[in-house]
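In what follows, a single structure is set out as structure tokens and then discussed.
Values in this document were obtained by computation on a predicted structure and should not be read as measured data. Counting begins at 1 with the first residue of the sequence.
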Amino acid sequence: MERTGPTVRFSGLLAAATAAVLAAGALVATAPAAGAADVDLARNGGFESGLDGWSCTAASGAVVSTPVHGGTKALKATPAGSDNAKCSQTLTVKPNSSYTLSAWVQGSHVYLGVTGTGTTDVSTWTQSSGAWKQLTTTFRTGPSTTSVSVYTHGWYGTPAHYVDDLTLVGPGGDPVVIPAVPAGLKTTAIASSSVALSWNAVSGASGYNVYRGGAKVATATGPSATVTGLTPSTAYSFQVSATNAAGESAKSAAVTATTTAGGGGGGDTKLPARALVGYLHSSFANGSGYTRMADVPDSWDVINLAFGEPTSVTSGDIRFALCPVAECPNVESEAEFKAAIKAKQAAGKKVLISIGGQNGQVQLASTAARDAFVTSVSKIIDTYGLDGLDIDFEGHSLSLNTGDTDFRSPTSPVIVNLISAVKSLKAKYGSDFVLTMAPETFFVQLGYQFYGSGPWGGQDPRAGAYLPVIHALRDDLTLLHVQDYNSGPIMGLDNQYHTMGGADFHIAMTDMLLAGFPVAGDTTKVFPGLRPDQVAIGLPASTQAGNGHTTPAEVNKALNCLIKKTDCGSYQTRGTWSDLRGLMTWSINWDRFNSWEFSRNFDAYFGN
């Protein structure tokens, strides 16, 4: 969020990250001699049985008779558009063991790698085309690793490449057995048309099937799922089974849930089923002018005070004060401001302190900064009688240290300390505490392609850096409203790039949050989708407020697609998200400047 006019920085970040990925080559390692107990674990590594055992993206993979390196067949894979022609297979391995992965390739920018090692995932590649060339890399499995995924792929815009005689040499894995029946199935959230479920993870499972009334309705890669498309005020029965290469377990004990009567849910935070969120420039003025709290229309359900900012980037000491009279001649007094907040709350509105913004860089790099953050934010909340906290960390506030590659177990201090600080605030204020977040697309949806500095290093370490924060706090999170503006093109779940400014961008970006996605393309590390009632779409209120302004007609198309599955255009959503919470905008001030076009369209669409 910006104090002044919009700045465009995302495209440069994305370009730098992409260039770094292209430039980060890996040297070909020398393969150690295989031990006496070592075997080749790859299935159909010579492609003599077609694509048996292999999974290839889109229609990129085919088996050909020429050219070949050995035998009579080889893989031909053709990148197309945003598809890098990835082919992969999952293989059973032993924990704490060394393996050598090798393949013969022909073509430029051909990659060979492995994920899910439990230690350091590795890859290697070749830039040169022409004759067949052998790629080889080695890795060691972690103490609990029983399977890995090996893969090859090309690069965007390059010609077809060929792969043959792929091997994975090392100790043979134990025979795969059907996993145990999942235990601990429970509901974690119930809305009018959806039920969120979780259960205990099952050792050896590669996925799970979710059943409603005995019929399979969803699949999941981790121990949670949200079943959508349900009828309000209706009782349902759910079960779950675990799957792997050996088969499917029996179904778990059933859990029952009755959907709510109204849309949207809301829990103890008592938000309306459809909520309008806006930022109020309380500590500064800009071209939109100062708006007093008492003058904010009733349309706004959540009012975020912009901004609380740190005394220094790394202090964690957050301060907030009303705009100085010299800058905002019409600013109200502290007493009037507090009284107006109470009046809004009496009318059912929520007022939060938003921390960060474009200028408020916050890096909780130490436990001292973490503790100062908790103390100072608590003081602001108590002083003004606020309902909670909005996290609007931008710029260089969040980044991932090299080697921090799993969003489910982050190790970077600025990430770990922020999660800890927010949990402390939630524990202090209880279930009524409202927690919202407003990250940029670079820090969330870009994580579908890039995460941190990447497996080869050199990428922008901020790519996807909000994902571990959102994931760790998902049970405490009231609303996530990603800023669908000031953004470069982002790849959606259809593996196509989407550009801001129209309905398509908001549909694709929001669908990613609700359906979930593999982080950096790693199907062993899937970011689970959020509940629809936890998500609002973030947009600029006017053309002056930020790049990517969307007209009311396009906003309505996006809502129609996500909520009703109509007006979707070329992008087809993974679900019908009828409980989508609503919209967020930067800002209330800019909406006033633009004759309240944004909020009036929201009220008209939802019949408020």
Side-chain angles (χ1 to χ4, degrees), residues 9-22 24 82 84 115-116 120-121 123 221-222 356 362-364 391-419 422 437-474 477 480-484 486-493 495 497-498 500 505 508-530 535 538:
R9 55 187 176 275
F10 184 101
S11 296
L13 294 176
L14 181 57
T18 303
V21 171
L22 285 170
S82 57
N84 63 5
T115 60
T120 301
D121 294 346
S123 65
T221 56
V362 183
Q363 295 176 2
L364 304 184
I391 302 173
D392 185 18
F393 284 19
E394 299 183 14
H396 290 270
S397 294
L398 294 182
S399 62
L400 294 156
N401 291 355
T402 300
D404 190 350
T405 60
D406 192 340
F407 75 93
R408 299 165 298 186
S409 54
T411 57
S412 304
V414 294
I415 304 290
V416 174
N417 289 333
L418 175 60
I419 294 168
V422 175
M437 300 182 194
E440 297 166 290
T441 56
F442 189 90
F443 296 88
V444 185
Q445 288 96 334
L446 183 65
Y448 180 50
Q449 287 183 279
F450 307 108
Y451 187 69
S453 58
W456 306 288
Q459 293 176 196
D460 192 314
R462 295 171 291 172
Y466 248 95
L467 292 175
V469 179
I470 298 168
H471 184 65
L473 297 170
R474 64 174 55 237
L477 181 64
L480 175 71
H481 30 66
V482 175
Q483 302 176 36
D484 285 1
N486 295 338
S487 170
I490 297 287
M491 181 182 288
L493 296 180
N495 290 328
Y497 284 97
H498 299 268
M500 63 180 182
F505 190 67
M509 295 303 98
T510 306
D511 191 50
M512 295 179 76
L513 302 176
L514 298 170
F517 54 87
V519 176
D522 187 346
T523 55
T524 68
K525 298 174 182 176
V526 176
F527 175 79
L530 295 169
V535 175

Within the distance-only criterion (no hydrogens, no angle test), does the side chain of [X] pair as donor or acceptor with the backbone N or O of [Y] below 3.5 angstrom?
X      : Y      : result
Tyr466 : Phe393 : yes
Arg462 : Gly395 : yes
Ser412 : Asn401 : yes
Gln449 : Ala520 : no
Ser397 : Glu394 : yes
Arg408 : Val526 : no
Asn417 : Leu364 : yes
Asp121 : Gly116 : yes
Asp404 : Thr411 : yes

Sorted by chain and number, sequence neighbours left out, ring pair (Phe, Tyr, Trp, His ring centres under 6.0 Å) with Phe517 holds for Phe527
Residues in side-chain hydrogen bond (donor to acceptor under 3.5 Å, both in side chains) with Thr524, at least two apart? Asp522
Can you give me the closest heavy-atom contact between Leu467 and Gly447, atom names plus distance? CD1-CA, 4.1 Å
When the aromatic ring centroids of His498 and Phe505 are compared, is their separation below 6.0 Å? no
